[in-house]
Protein chains: 2
Amino acid sequence: MNKSLRQRAVLEAVGQEPVANQEDLQRALRKRGFKVTQATLSRDIRDLGLIKTAAGYALPQGEASASVALPPVKRLVREFVLEARPAQNLLVVKTIIGSAQPVAAALDEQEWEEVVGTIAGDDAILIVCPDKDAAKKVAARIEEMLG
Amino acid sequence: MNKSLRQRAVLEAVGQEPVANQEDLQRALRKRGFKVTQATLSRDIRDLGLIKTAAGYALPQGEASASVALPPVKRLVREFVLEARPAQNLLVVKTIIGSAQPVAAALDEQEWEEVVGTIAGDDAILIVCPDKDAAKKVAARIEEMLG
DNA sequence: CATATTTATTCATCGTGATGAATAAATATC
DNA sequence: GATATTTATTCATCACGATGAATAAATATG
């Protein structure tokens, strides 16, 4: 079973019909070809950040639309990052060719205090930090994720 | 153990010193902090496309430099692709936000006859095919990878 | 050609993440 | 407040890819 596809189906179901509880959701997913248990749907709902309203499951107020999330940053770092080197208040993260973008997006999502911003290229990400200590901290954090 | 990092170390070792056999390579890797068996190194050498020359392991003639490869296309498709829809001789592949690039790069690598070219955005890849039948074929192939 | 060395591959095992069954916890209902 | 319903979480299991140990196959050597 493909988790991304299933979570996408959850979002679709919730957007198209009233889904009062997880049993309803299970039925809606069954209709879309996903045979899945309540436990898994509970996890999906948490991952997608859905809330329960009087009209059924929905996105939190204020969110225009939801989408399936990238895998956890640690996983992306382990999968694609080759090294992370600080240079003054900058950090250059080398990745496998073509894979800088998802890693950068996942790093952005962390909203680390020590990160001012990131720029992704093809095989590298430039991370801008407030100062060189911050850059060292971020580098250490990434190296730790690499294992 | 991180496979990408180890393969990168293999490339480095081979580029810096004569590596006559896999036992030499094992020692070179050990010096770089990778405790690894001959079996695994044999696989790495195959994956990296290294060849054995009189001067030791090296890149094939004509390749300026090697790099660690992206994961197999099937894995990237399963991880990041949400759907693949043909439209005339085009195919729009929807991905998780931020992940189009590695998927497109991996699809490009396949060098399928039915693909003229790809353009990756943020969450979608546009695949250009010679005609609508080709687009349908490629879509089916991707759907099959999705499982 | 016999044998040593090297490399590739099979088979068993492990790590990781996901999933389901069972259970605990939370919430709704009367 | 008692109980039914719903949701979350624990525990066991599975799928998948990677790795190592053992073995098979290929190559080098004298």
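Chain naming here is simple, since letters A, B, ... match the order of the sequence lines and numbering starts at 1 in each. Predicted model, so just to flag it, every value in this text is computed and none were measured. Scope of the values below: all heavy atoms of this structure, side chains included, with no hydrogens, waters or symmetry mates.
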Got a sec, which residues hit side chain to side chain contact (heavy atoms under 4.5 Å, CB included) with B:Asn89, two or more places apart in sequence or on another chain? B:Val128
Treat primed atoms plus P, OP1 and OP2 as sugar-phosphate and everything else as base, then score nucleotides 4-9 of chain C 5' to 3': B for base contact with protein heavy atoms under 4.0 Å, S for sugar-phosphate contact only, - for none. --SBBB
By the Watson-Crick or G-U definition, both distances under 3.5 Å, C:dT19 is matched with D:dA12
Students often get this wrong, so: under 4.0 angstrom with heavy atoms, is A:Lys74 touching a base, only sugar-phosphate, or nothing? nothing
N/O donor to acceptor pairs below 3.5 angstrom from side-chain atoms of residues 10-18 of chain A, sequence neighbours left out:
{"residue": "A:Glu12", "atom": "OE2", "partner": "A:Arg32", "partner atom": "NE", "Å": "2.9"}
{"residue": "A:Gln16", "atom": "OE1", "partner": "A:Arg32", "partner atom": "NH2", "Å": "2.8"}
{"residue": "A:Glu17", "atom": "OE2", "partner": "A:Arg32", "partner atom": "NH1", "Å": "3.3"}

Before you tell me yes or no, could you show the steps for A:Arg27 and A:Asp24 under side chain to side chain contact (heavy atoms under 4.5 Å, CB included), namely the whole-Å CA-CA distance, both residues' side-chain angles and the distance that decides it to 0.1 Å? CA-CA 5 Å; A:Arg27 262 190 296 268; A:Asp24 279 355; 2.9 Å; yes
Dump every N/O contact between nucleotides 26-30 of chain C and the protein below 3.5 Å, one line per pair.
none

With sequence neighbours excluded, what pairs up with A:Glu111 under the side chain to side chain contact (heavy atoms under 4.5 Å, CB included) test? none
Given A:Ile45, A:Ile51, A:Leu50, the one that forms side-chain contact (heavy atoms from CB on, under 4.5 Å) with A:Leu48: A:Leu50
side-chain N/O A:Arg78 vs C:dG15 OP1/OP2, d < 4.0 Å: no
Listed pairs under 3.5 Å, donor-acceptor, residues 133-144 of chain B side chains, sequence neighbours left out:
{"residue": "B:Arg141", "atom": "NH1", "partner": "B:Glu114", "partner atom": "OE1", "Å": "3.3"}
{"residue": "B:Arg141", "atom": "NH2", "partner": "B:Glu114", "partner atom": "OE1", "Å": "3.4"}
{"residue": "B:Arg141", "atom": "NH2", "partner": "B:Glu114", "partner atom": "OE2", "Å": "3.1"}

Look at the side-chain N and O atoms of A:Arg6 and state whether any lies under 4.0 Å from the OP1 or OP2 oxygen of C:dA18. no
Just the rounded figure in Å: distance from P of C:dT19 to CE of A:Met1. 6 Å
